[in-house]
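Structure record follows, encoded as C-alpha cells.
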Amino acid sequence: MVEIDRRKAALIAEIEISRSEIRTAVRQVETATDLLGRIRNNISNNLGLWLLGAASGGILISKVFRSRKATETPSGADHVTSSGAGHRWLSSGMLLSVAKIGFDLSKPIILEWVANRITQTPEAHHPEGNKATRQ
C-alpha cells in the first residue's frame, strides 16, 4: 500500500512538472505570435529610427516617381525644364511624403483596430448571437 502511495505521489509530481512546462511553452508561443505587441514595442523602442525611415522613404519615393515634362523655349533652343512651377510642392512628391509619414504614424492604430475586429467572436458583432448554441 505504501508503494502504491509513493508511486501515485511520483506520478502527481511528474504531471505537475509537465503542466508547468506546458504553461511556459504556451506563454512563449503567445509572446512569439503577438505581432501587434512586437510591432508596438519595436516602434516605441526605436521611434527615432521609424520616423527617420518614414521620412527617408517618402523622400526616396518622391525622387523616384518625379515627373518632368519637356517644354521648348520660344527661342527654339533645346532646353528641358520642369513645367507647373506653381504646383511644385505637388510635383516634387511632397504630398506623397506627408501622406506616407501620416500613414506610418497611424499604422499601429489601424493594425490594432483590424486585429480587434478579426479576433472578436461573432456574438460581439451580433449581441443576440445564435440562440440554438446557447441552449
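Since the structure is predicted, the reported quantities are computational estimates derived from the model, not experimental observations. We're numbering straight along the sequence, starting at 1.
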Flag side-chain contact, heavy atom, 4.5 Å: Asp104 against Leu51: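 No; the side chains remain at least 4.5 Å from each other.
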
CZ (Arg7) with more than 12 external heavy atoms under 6.0 Å: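 Result for CZ/Arg7: open.
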
Exercise: do Asn41 and Asn45 side chains pair donor with acceptor under 3.5 Å: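 No pair is found: no donor N or O on one side chain lies under 3.5 Å from an acceptor on the other.
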
Decide whether [X] and [Y] are clustered together by the hydrophobic rule: side chain heavy atoms of Ile, Leu, Val, Met, Phe, Trp, Tyr closer than 4.5 Å, transitively.
| X | Y | value |
| --- | --- | --- |
| Trp50 | Leu36 | yes |
| Ile39 | Ile101 | yes |
| Val26 | Val29 | no |
| Ile110 | Leu35 | no |
| Phe65 | Leu60 | yes |

Within this structure, what is the [atom1]-[atom2] distance for the pair [X] and [Y], rounded to the nearest 0.5 Å?
| X | Y | atom1 | atom2 | value |
| --- | --- | --- | --- | --- |
| Ile17 | Ile22 | CD1 | CD1 | 12.0 Å |
| Asn116 | Leu111 | CG | CG | 11.0 Å |
| Leu52 | Asn46 | CG | CG | 11.5 Å |
| Glu14 | Arg19 | CD | CZ | 12.5 Å |

Sidechain-backbone polar pair: Ser20 side chain, Glu16 backbone, donor-acceptor under 3.5 Å: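 Not at all, since once roles are kept as given, no pair shorter than 3.5 Å links the two residues.
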
Main-chain N/O of Ile59 paired to Ser62 side chain as donor or acceptor, under 3.5 Å: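 Checked: pair present.
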
NZ/NE/NH1/NH2 to OD/OE distance under 4.0 Å, Arg27 and Glu30: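 Judged by the 4.0 Å cut-off on N to carboxylate O distance, Arg27 and Glu30 do not form a salt bridge.
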
